[in-house]
Asks: 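Input: one structure, supplied below.
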Amino acid sequence: MDLVDKLAQERWLTGKEFKTLLITENENLRAKLFQTAQQVALANFGNKIYIRGLIEFTNHCQRDCLYCGLRCSNKHLERYRLTNEAILSCCQAGYALGFRTFVLQGGEDRYYSDDVMCRLVAAMRTAFPDCAITLSLGERSFQSYKRLFEAGANRYLLRHETADALHYSRLHPPSYSLAARMECLYALKAIGYQVGTGFMVGSPYQLTDYFLDDLEFIKTLNPAMVGIGPFLPNKDTPFRHQKPGSLEDTIRLLAILRLMLPKALIPATTALATLHPMGRQYGILAGANVVMPNLSPLEAREKYTLYDGIVHTGAEAAESLKLLNSQLNSFGYELTVDRGDYQG
Ligand code: SAH
Ligand code: SF4
């Protein structure tokens, strides 16, 4: 039995074994990793890829994460907020295209108090009773998460970013803590959300050993969704001269995650598609089963610059679902309009 068989059967390896899978130059082992991850995804989801409509509803952010173009210290960014009407019309357009999950993502924007945010979620819940509402609004209090859940939100995406506390402190201002981030994730889970976490691959100062902590944390949290993507520099951040994360590391980690969590919803992320023209395809062939096309109004997309070069047209755009589907068809997959709840 090789390491891939062991991971597929026991869903766990020693640190040293994980590291071997991440860095091995043995082509057979590498190929087996991808093939087995793809088979596990096919066994659980068939050749169907779920779609989530991403609505980037505000690029205001009170936080100052060193890697992110929305950080409050970035004075070169024109800030915007979509009105509730604009958000609901994005949903309407998305619904007509077949989307049954809407992901509201934004910076940590003080304007969105619990009352304001709950009104928005409740309006979406009333207008689209058969759709899943996913939020990705960063860190909030237990009470706030609870109120949003009661207003109708079903899922929450909050990446832990890195599970090594020292590394976390090098990516964020000193007052932010990994412990607080993890506490939010456990709060979300306790409330009843389908929770997504994840991390950036190749962020500055990251060591291969840190991935072992990421995998261990993910194993413990046992999330419904895991989003990972390469770090990509943004010219208006302190990390402007850092190099991007690697495609190879990202897809190996995707494959490992698929073997660890056979039923998890794992996107082939926009960052992966931005890093490499074939990124989405490689991600799916490594076991990813979700894509998140952009439903935001075009003017907003241009101002939601987490990193440079972010792709939001062509197959990344919700209005081009046919193009995306034909790209998926070319390697044996197809989009599905199913809501795609976690069945773990
Ligand atoms: N404000 C929320 C959601 C928006 S940011 C939050 O922080 O959770 C969403 C994700 O974008 C982050 O979790 C981070 O992993 C990713 N991101 C931000 N800047 C990035 C960069 N430069 N390269 C790659 N991913 C980045
Ligand atoms: Fe704000 Fe999220 Fe960017 Fe951090 S990663 S600066 S919280 S938008």
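Atoms within each ligand, like the ligands themselves, are counted from 1 in listed order. For clarity, every value in this text was computed on a predicted model and none was experimentally measured. Computation of the quantities below employed the complete heavy-atom set of this structure, encompassing side-chain atoms and omitting hydrogens, waters and symmetry-equivalent molecules.
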Asks: Backbone or side chain, does C68 get an N/O/S atom under 2.8 Å to atom 4 (Fe) of ligand 2?
Replies: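 Of the N, O and S atoms in C68, none lies under 2.8 Å from atom 4 (Fe) of ligand 2, which means no.
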Asks: Could you tell me the separation between the OH atom of Y80 and the OG1 atom of T83, rounded to the nearest 0.5 Å?
Replies: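 Answer for the OH-OG1 pair, Y80 versus T83, is 12.5 Å.
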Asks: Quick one: does NZ or CZ of R170 land under 6.0 Å from the six-membered ring centre of Y205, within 45 degrees of the ring axis?
Replies: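 Here R170 passes the 6.0 Å and 45° test against Y205.
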Asks: Would E316 and R280 pass as an ion pair if we require N to O under 4.0 Å?
Replies: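 Here E316 pairs with R280 in a salt bridge, since their nearest N and O are under 4.0 Å apart.
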Asks: With backbone taken as N, CA, C and O and side chain as the heavy atoms from C-beta onward, which portion of P233 lies under 4.0 Å from ligand 1: side chain, backbone, both, or neither?
Replies: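 Under 4.0 Å from ligand 1, P233 contributes no heavy atoms.
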Asks: Does the Lys NZ or Arg CZ of R63 fall within the cation-pi geometry relative to Y176 - under 6.0 Å from the ring centre and within 45° of the axis?
Replies: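 Verdict for Y176: a cation-pi partner in R63.
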Asks: I'd like to know whether Y193 forms a ring pair (Phe, Tyr, Trp, His ring centres under 6.0 Å) with F149, so could you lay out the CA-CA distance, the side-chain angles of the two residues, the decisive distance to 0.1 Å, and finally the verdict.
Replies: CA-CA 7 Å; Y193 283 95; F149 185 75; 4.9 Å; yes
Asks: Using a strict threshold of under 4.0 Å (side-chain N to carboxylate O), is an ion pair present between D130 and R339?
Replies: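 No, no charged N to carboxylate O under 4.0 Å.
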Asks: Counting heavy atoms only, name the option from C65, C72, S136, G106 that's nearest to atom 4 (Fe) of ligand 2.
Replies: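 Heavy atom nearest to atom 4 (Fe) of ligand 2 belongs to C65.
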Asks: Does the N or O separation between C68 and ligand 1 drop below 3.5 Å for any pair?
Replies: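 Such a contact does not occur with ligand 1.
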Asks: So, regarding S136 and ligand 1 (criterion: nitrogen or oxygen to nitrogen or oxygen, under 3.5 Å), is there a contact or not?
Replies: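 N/O-N/O distance below 3.5 Å does not exist for this pair.
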Asks: If only atom types and distance count, is the side chain of T305 paired as donor or acceptor with the main-chain N or O of Y307 below 3.5 Å?
Replies: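 Checked: no pair found.
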Asks: Quick test: of every protein heavy atom, which one is nearest to atom 9 (C) of ligand 1, and how far off is it to 0.1 Å?
Replies: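 It is Q105 NE2, 3.7 Å.
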Asks: Looking at atom 24 (C) of ligand 1, what's its closest protein heavy atom, distance included?
Replies: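 Here the closest protein heavy atom is P230 O, 3.4 Å.
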Asks: Consider every N or O of E161 and every N or O of ligand 1, then say whether any pair is closer than 3.5 Å.
Replies: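 The answer is yes, given that E161 and ligand 1 share an N or O pair closer than 3.5 Å.
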Asks: Yes or no: does G106 have any heavy atom under 4.0 Å from an atom of ligand 1?
Replies: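 The answer is yes, since G106 has a heavy atom less than 4.0 Å from ligand 1.
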Asks: Can you list the ligand 1 atoms lying under 4.0 Å from a non-hydrogen atom of R181?
Replies: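 Matching atoms, with element in brackets: 6 (C), 7 (O), 8 (O).
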Asks: Look at atom 5 (S) of ligand 1 and say which protein heavy atom is nearest, naming residue and atom and giving the distance to 0.1 Å.
Replies: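 Nearest protein contact, heavy atoms only, for atom 5 (S) of ligand 1 is L306 CD2, 4.0 Å.
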Asks: Can you tell whether the side chains of R240 and D308 come within less than 4.0 Å, N to carboxylate O?
Replies: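 No, this pair does not count.
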Asks: Going by distance only, is there an N or O of R159 that falls short of 3.5 Å from an N or O of ligand 1?
Replies: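 N/O-N/O distance under 3.5 Å: yes.
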Asks: Tell me which protein heavy atom sits closest to atom 17 (N) of ligand 1, plus the residue, atom name and distance to 0.1 Å.
Replies: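 Nearest protein contact, heavy atoms only, for atom 17 (N) of ligand 1 is M200 SD, 4.2 Å.
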Asks: Is the shortest distance from a heavy atom of C65 to ligand 1 less than 4.0 Å?
Replies: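 Contact check C65 vs ligand 1: negative.
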Asks: Below 4.0 angstrom from a heavy atom of G107, which ligand 2 atoms are there? Numbered from 1 as shown, please.
Replies: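 So the answer, numbered in order with elements, is 8 (S).
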Asks: Ignoring hydrogens and angles, tell me if any N or O in the side chain of T197 forms a donor-acceptor pair with the backbone of L158 under 3.5 Å.
Replies: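 Judged by distance alone, yes, a pair lies under 3.5 Å.
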Asks: May I ask you to establish whether R100 and Y95 are in a cation-pi arrangement, using a distance under 6.0 Å from NZ or CZ to the six-membered ring centre and at most 45° from the ring axis?
Replies: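 Yes, a cation-pi geometry holds between R100 and Y95.
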Asks: Check the orientation of Y145 and Y156. Use parallel for under 30°, tilted for 30 to 60°, and perpendicular for over 60°.
Replies: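 Ring orientation of Y145 relative to Y156: perpendicular.
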Asks: List ligand 1 atoms under 4.0 Å from Y304, heavy atoms only on the residue side.
Replies: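 Under 4.0 Å from Y304, ligand 1 has these atoms: 4 (C).
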Asks: Quick one: which of R81, Q62, H60, R79 gives a side-chain hydrogen bond (donor to acceptor under 3.5 Å, both in side chains) with D109?
Replies: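 Exactly one pass, corresponding to R81.
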Asks: Starting from atom 2 (Fe) of ligand 2, find the nearest protein heavy-atom neighbour and note its residue, name and distance.
Replies: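 So the nearest neighbour among protein heavy atoms is C61 SG, 4.7 Å.
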Asks: Looking only at distance, does L232 have an N or O less than 3.5 Å from an N or O of ligand 1?
Replies: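 The answer is yes, given that L232 and ligand 1 share an N or O pair closer than 3.5 Å.
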Asks: When you look at NZ of K219, are more than 12 heavy atoms from neighbouring residues, nucleotides or ligands closer to it than 6.0 Å?
Replies: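 Yes, NZ of K219 has more than 12 neighbouring heavy atoms, counting only those of other groups under 6.0 Å.
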Asks: Go through ligand 2 atom by atom and flag the ones less than 4.0 Å from a non-hydrogen atom of R71.
Replies: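 Every atom of ligand 2 under 4.0 Å from some heavy atom of R71: 6 (S).
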Asks: Could you check atom 19 (N) of ligand 1 against the protein and tell me its nearest heavy-atom contact, residue, atom and distance included?
Replies: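 Nearest protein contact, heavy atoms only, for atom 19 (N) of ligand 1 is Y67 CD1, 3.4 Å.
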Asks: Any protein heavy-atom neighbour for atom 26 (C) of ligand 1 (distance below 4.0 angstrom)?
Replies: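 It does; a protein heavy atom is within 4.0 Å.
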